[in-house]
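Presented below is the structure to which this report refers.
Starting from 1, each residue takes its place in the sequence as its number.
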Amino acid sequence: MSGASSDDGGSKVSLFGPYDLVSESARQVNASTLPNAAPAQIYDLNYIRSSPFHSDLPIASEDQLTILSAALVAHARLDDIESCAYLLKRYWRDFHLRSSVPMDRQSSFFLEANAAEAYCALGDVVGGALHARRALSMSANPAESFRAKSLLALCQALRGDMALASVQMEKCDGLAERNDSSWSNDSYILSMARILVLANSGDADALLHTAATLRQIDGGGDHLQYAADVATVQAHVLCGDIDEAVCLAGDLLACGSSRGHSMVRALLASLYFDTLLLRGEPRRALAVLSACAPSASRLVCLEAKRAMALEMMGDHRSVLRVTQPCVGRLAEHGLRAAASIMLVRGVAQHRLGEAGRARRSLADGFRIAARAHLSLNAFIGLARTDLDEVAPLISDVVPGVRTVLARLEEYRGILPDPPSPSFVPNLTSREESLAWSIYYGASNKDISEKDGVSVNTVKTQLSTLYRKLGVSSREQALTFLEERDFFMTEINENFIPSDTEKS
């Protein structure tokens, strides 16, 4: 950054323009982040954003630090994510500012709080939480404490730790109640944290109330309306109005980056993916996932989402392949994604006959969810996957599993036209032929004579089919396939033995 000034006809100027004017605008933008101040105008944010920080010169004065602080919040609120990333990378190293310029307490508070907001915009909840805690330690009045705790609540909610996020939200509400009740209503940051927590708790009415509050914020821009619409989509999902949720979410995503902030768009993409799974469209969901912006990957674990769709399609081995790189770095993905990864891996391992590994994965997934107070709604895309069959594996290890699965079953019951428990795996033509053969009651000998293979080969091929279906006998295979309407197609004429034909 270059803040070098010179005397040009007695007027102090800098690369930012008239120096005093830029500094004063920066102080106003910083002050506007507090709940007891008027929000910054778009003109002021654009004016600060246009300051040419992209330089390699070091910071030389406290005024320049003030401008840098304002630039962070301007870029974050105007959704200029690339510039946010540049400023944080250029002027911080290991979350410490690269400057020896002394700052007063309030300037330090604004710099830390605005850096936290910029990290939230990037989806880096670790950096956001670190700077939010520093800002909280520097706060000297209720308004500053409210802002720092709001940022901390959002970071915890994005990470998936709903227990800690709820605690910080309660503290914010307490500060607002003692000082100015409008603080909570006017806080965009706190409202985003509230949406995530309410979605996790399944409170659709409170979500709709929060959406209405966002729409009524004075001077609110399109990003507030967008966030309100995302909260409405989540409420529709919780109520089982999946078709309505898909339509509204699709319309919002079609707006591109012209309205909502990057963070909210990433959350909406995740929610839209889940709605498609709930409608039984895993292939369409995968197509949506492939179109996600790279920035979404920091807020949404794409591997966990992809694994959910693959599990619905019965491609269990691909589930394990996709999620294997994530197992060693679960902490990077957040608790919500970590729980989803372990649960979907456990289901896939169970259906592949790996009972021991399935038990460990499922137990880890449910333990992570319990520790963070995550409900089923945090990974609602799994609702189309039949988890009841895996409950006996871990009910003696993780208390409360039966209760969670009961809520899952209750939610499945409110969905329109509930589908069969899960999709039939992708079968090869040989496996399909075997399935039809056992459907018509053919014996192993009948199949070997028809296909010209040995009885032992038939037994081996049937074992492969059973393992792919997650069953261990003909009867279980037939039950599995009939429940999923596999045989509700034209009659297969390849093999209908005259003495075993089904009526």
What I want to find out is whether [X] reaches [Y] closely enough, with some N-O distance under 4.0 Å, to be called a salt bridge.
X	Y	value
Lys305	Asp274	yes
Arg27	Glu24	yes
Asp229	Arg215	yes
Lys149	Asp173	no

Open item on the list: Could you check whether any side-chain N or O of Ser107 sits under 3.5 Å from a backbone N or O of Met103, counting only pairs where one atom can act as donor and the other as acceptor?
Closed with: no
Straight-line distance of [X] [atom1] to [Y] [atom2], nearest 0.5 Å:
X	Y	atom1	atom2	answer
Gln106	Leu111	CD	CG	12.5 Å
Asp104	Thr66	CG	OG1	7.5 Å
Leu286	Glu281	CG	CD	11.5 Å
Cys172	Arg194	SG	CZ	8.0 Å

TODO: For Asp161 and Arg371, run salt bridge (charged side-chain N to carboxylate O under 4.0 Å, His left out): C-alpha distance rounded to whole Å, both residues' side-chain angles, the deciding distance at 0.1 Å, then the answer.
DONE: CA-CA 8 Å; Asp161 196 333; Arg371 185 172 73 246; over 6 Å; no
[X]: partners by side-chain contact (heavy atoms from CB on, under 4.5 Å), with sequence neighbours left out:
X	answer
Arg367	Ala363, Asp364, Val397, Val398
Ala115	Leu72, Leu88, Trp92, His131
Ser201	Leu198, Asp203

Aromatic ring proximity [X]/[Y], centre distance under 6.0 Å:
X	Y	result
Tyr188	His223	yes
Tyr119	Phe95	yes
Tyr91	His96	no

Task: Partner residues of Arg105 under the side-chain hydrogen bond (donor to acceptor under 3.5 Å, both in side chains) criterion, sequence neighbours left out - done: Glu144
TODO: Determine which pairs satisfy salt bridge (Lys or Arg N to Asp or Glu O under 4.0 Å) with at least one residue from residues 113-127, sequence neighbours left out, and list them in order.
DONE: Arg77-Glu117, Glu117-Arg147, Asp124-Arg298
Task: Ser23 and Ile67, any side-chain heavy atoms less than 4.5 Å apart - done: yes
Open item on the list: Could you tell me if the side chain of Leu267 sits less than 4.5 Å from the side chain of Leu271, heavy atoms only?
Closed with: no
Task: Any residue meeting ring-ring contact (aromatic ring centres under 6.0 Å, His included) with Phe146, in chain and number order, not counting sequence neighbours - done: Trp183
Open item on the list: Whether the Asp44 and Ser25 side chains hold a donor-acceptor pair (N or O, under 3.5 Å, no angle test) is what I'd like checked.
Closed with: no
- [ ] Establish, from distance only, whether the side-chain atoms of Arg345 and Thr323 form a donor-acceptor pair under 3.5 Å.
- [x] yes
